[in-house]
Amino acid sequence: MATSAIASNGKRNTTVSADMNYFAPMIGTGKMYAEAKVLKSGKTISVSEVDIFDESGKKRAKGTFTCFALE
């Protein structure tokens with residue numbers, strides 16, 4: 001059973017696909033932060049990417065997510 005969440009665009013979505021690539025270990029790195037960007041926001045499909053950085057600004061991971069609007 002798929003899970004759904006409220007996306008930033010206000011629509012209920014379910015994940016179609018998710019891909020996460022890790023470039024460096026994240027254990028013991030202190031605080032982490034993420035920057036997300038919507039690549040496509042269509043009527044039913046949205047694609048976003050997220051970059052995850054450590055406190056020094058080193059990129060530790062990158063993810064791409066495709067979601068389907070349920071409403």
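Note: Asp51 CG to Asn21 CG = 11.0 Å, rounded to the nearest 0.5 Å. Atom NZ of Lys31 and atom CG of Asp54 lie 13.5 Å apart (nearest 0.5 Å). For the atom pair CZ (Phe68) and OG1 (Thr15), the distance works out to 12.5 Å, reported to the nearest 0.5 Å. Note that CE of Met26 and CZ of Phe53 are 11.0 Å apart. Values are rounded to the nearest 0.5 Å. Taking CD1 from Ile45 and SG from Cys67, the interatomic distance works out to 8.5 Å, rounded to the nearest 0.5 Å.
By the 6.0 Å contact criterion, NZ on Lys37 is open, its count of non-hydrogen atoms from other residues, nucleotides or ligands being 12 or less.
When every heavy atom of Ala18 is checked against every heavy atom of Phe65, the shortest pair comes out as CB-CD2, 3.4 Å. Pairing each heavy atom of Ser46 with each of Ser41, the nearest pair is CB-CA, 4.2 Å. Nearest heavy-atom pair across Ala61 and Met20 is CB-CE, 3.9 Å. Between Thr29 and Glu55, the shortest heavy-atom contact is O-OE1, 3.8 Å.
Val50 is not connected to Val47 by any chain of hydrophobic side-chain contacts under 4.5 Å among Ile, Leu, Val, Met, Phe, Trp and Tyr, and they are in different clusters.
Panel note: side chain Arg60, backbone Pro25; a donor-acceptor pair is recorded below 3.5 Å.
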